[in-house]
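To start, the structure under review is shown below, and the notes come after it.
Counting convention: from 1, in listed order, for ligands and their atoms alike. What you see is a predicted model, and the numbers here were worked out from it, not measured in a lab.
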Amino acid sequence: MSKAGTLDLASGVGGKIDKNEVLSAVDKYEKYHVYFGGEEEERKANYTDMVNKYYDLVTSFYEYGWGESFHFAPRWKGESLQESIKRHEHFLALQLGLKPGQKVLDVGCGIGGPLREIARFSKTSVTGLNNNEYQISRGKADFMNMPFPENTFDAVYAIEATCHAPDPVGCYKEIYRVLKPGQCFAAYEWCMTDAYDPNNKEHQQIKAEIELGNGLPDIRLTHQCLDALKKAGFEVKVLENMGVAPKGSQRVQAFLEKAAEGLVAGAK
Ligand SMILES: C[S@@+](CC[C@H](N)C(=O)[O-])C[C@H]1O[C@@H](n2cnc3c(N)ncnc32)[C@H](O)[C@@H]1O
C-alpha cells in the first residue's frame, strides 16, 4: 500500500459513516468523554459504538501521519520513524520467541501494518482481529468475544489495542482462552503510572484529554493491568524479570519520566 496523500486523508474522514453524518458522529463521540461532560460507565457500556466512531473518524489521519502501523515506538538517534516502528515490531516477535509456521493472533490489528511485518519477519501465519469495519474487510470481530475455539494459537500479541477494552479481565480472559496452554501473550499496553492522583484536577484533565484523543473508555494504572492479567490466568513476566533489562531499569524509567514532567513544567 502506498502512503496516503492529502486527498486520501480528506476523503477518508468518517470511514464507514455517511459523509452527511460525520459532523453529528463527531458530536456524539465527543459527548462520551469527561472532557465534554461524559461518564465512564456510558463509555464502557457503549464501547463498540464509541471506539468504532473514533476509528471511523481518525483512521485516515492515522494513515496520513503514521503509515500502516498505528503505534508508538522508542526512536534511536539516526533512525527513521518507519525503522523505529519496524524495530519495535521485531522486538515483540523476538520476545514471543515466534517459530516459522506457528499460528499467531494479532488482537486489534488496525490496517495490518504490524501483522504483515511480523508474519514476514518470523515466517509465521498471523491472523488479525479487529472490530472496526472501515479498517478491515475480513476478520471483523470483537476482542471481548472472539470467534475462535479455545487453544487455537501458538502465540498472541496486542499492540496498543487492548487499552480500548471496557474490562481488561474480560479481554485478557478471551486471549487466555484462545491461546494454547503454556504459550505466551505479549502486549504493548497503555497504562498510567502510580503518580496519577485521582483527586488532582490537573491529573484528571490530562487523563480526560488522553481518553478523548484516543478513543479510550478508561486508562488503567499499570498495576491494574498486571492484576487483570493474573486474574485472567496469566503468569506475568515484565521485561526486567526476563533478564532483557537489568534490575533497576524500571526505577531508571520512573526517574526519567519525572525529568520529562519537570522539563515540561519548567518550560511553561
Ligand atoms: C491504536 S490501534 C492499533 C492497531 C495495530 N495494533 C497497530 O499497531 O497498527 C487500536 C486497534 O484496536 C482495535 N480495537 C479496539 N477495540 C477493539 C475490540 N473491542 N475488538 C477488536 N479490536 C478492537 C481498533 O479498531 C484498532 O484497530
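With hydrogens and angles disregarded, no donor-acceptor distance shorter than 3.5 Å links the side chain of R220 to the backbone of L226. Here the side chain of T127 pairs no donor or acceptor atom with the backbone of D106 at under 3.5 angstrom. The backbone N or O of C163 sits less than 3.5 Å from a side-chain atom of E189, completing a donor-acceptor pair.
Contact atoms of ligand 1 toward C109: 4 (C), 5 (C) (distance under 4.0 Å to a heavy atom of the residue). Near E160, with a cut-off below 4.0 Å to any heavy atom, the atoms of ligand 1 are 1 (C), 2 (S), 3 (C), 10 (C). For ligand 1, the atoms closer than 4.0 angstrom to any heavy atom of Y47 are 19 (N). Remark: ligand 1 atoms within the under-4.0 Å shell around heavy atoms of H71 are 8 (O). Counting atoms of ligand 1 from 1 in the listed order, those under 4.0 Å from a heavy atom of P114 are 7 (C), 8 (O), 9 (O). Near D142, meaning under 4.0 Å from any of its heavy atoms, are these atoms of ligand 1: 18 (C), 19 (N), 20 (N). Residue S69 has at least one heavy-atom neighbour below 4.0 Å for each of these atoms of ligand 1: 9 (O). Residue contact check: N132 has heavy atoms under 4.0 Å from atoms 25 (O) of ligand 1.
Both tests do not hold together for K31 against F36: distance to the six-membered ring centre under 6.0 Å, angle to the ring axis within 45°.
No heavy atom of M144 sits closer than 4.0 Å to any atom of ligand 1. The shell of residues lying under 4.0 angstrom from ligand 1, judged by heavy atoms, excludes C163.
The N/O atoms of Q135, backbone and side chain alike, include one that comes under 3.5 Å of an N/O atom in ligand 1. Between I159 and ligand 1, at least one pair of N/O atoms sits closer than 3.5 Å. The N/O atoms of L129, backbone and side chain alike, include none that comes under 3.5 Å of an N/O atom in ligand 1. Between G110 and ligand 1, at least one pair of N/O atoms sits closer than 3.5 Å. For V51, no nitrogen or oxygen atom sits less than 3.5 Å from a nitrogen or oxygen atom of ligand 1, counting backbone and side chain alike.
Looking from atom 25 (O) of ligand 1 to the surrounding protein, the closest heavy atom is N130 OD1, 2.6 Å. Nearest protein heavy-atom neighbour of atom 22 (N) of ligand 1: N131 N, 3.3 Å. Scanning all protein heavy atoms for the shortest distance to atom 12 (O) of ligand 1 gives A161 CB, 3.4 Å. Counting only heavy atoms of the protein, atom 20 (N) of ligand 1 lies nearest to F143 N, 2.8 Å. In terms of protein heavy-atom proximity, atom 9 (O) of ligand 1 is closest to F70 N, 2.7 Å. Scanning the protein for heavy atoms near atom 1 (C) of ligand 1, the closest one is Y55 OH, 3.0 Å.
Here atom 6 (N) of ligand 1 lies nearest to G108 when heavy atoms of G108, G113, A73 are compared. Within the set E174, H164, E117, the minimum heavy-atom distance to atom 15 (C) of ligand 1 is found for H164.
Between V126 and Y157 there is a side-chain heavy-atom pair separated by less than 4.5 Å. Two residues are said to be in side-chain contact when any heavy atoms from C-beta on lie closer than 4.5 Å; S84 and L81 meet this criterion.
Remark: E83 does not engage R87 in a salt bridge, criterion side-chain N to carboxylate O under 4.0 Å.
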Item checked: Verdict with reasoning, R177 to E174, per salt bridge (Lys or Arg N to Asp or Glu O under 4.0 Å) -> CA-CA 5 Å; R177 184 183 67 75; E174 268 300 85; 2.8 Å; yes
Note to self: What verdict does the salt bridge (Lys or Arg N to Asp or Glu O under 4.0 Å) test give for R43 and D218, after you've listed the backbone C-alpha separation in whole Å, the side-chain angles of each residue and the deciding distance to 0.1 Å?
What the structure shows: CA-CA 8 Å; R43 285 195 298 285; D218 180 32; 5.5 Å; no
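Going from atom CE of M50 over to atom NZ of K53 covers 11.0 Å, rounded to the nearest 0.5 Å.
Heavy atoms of A165 found under 4.0 angstrom from ligand 1: none, in either backbone or side chain.
Residues Y32 and D49 have side chains that bring a donor and an acceptor to within less than 3.5 angstrom of each other. When only modelled atom types and interatomic distance are considered, E89 and S69 share a side-chain donor-acceptor pair under 3.5 Å.
When each of Y55, F70, Y47 is paired with H164, the ring pair (Phe, Tyr, Trp, His ring centres under 6.0 Å) condition holds for Y55 and for no other.
In this pair, H71 and Y188 present their aromatic rings tilted. The plane angle is within the 30 to 60° band.
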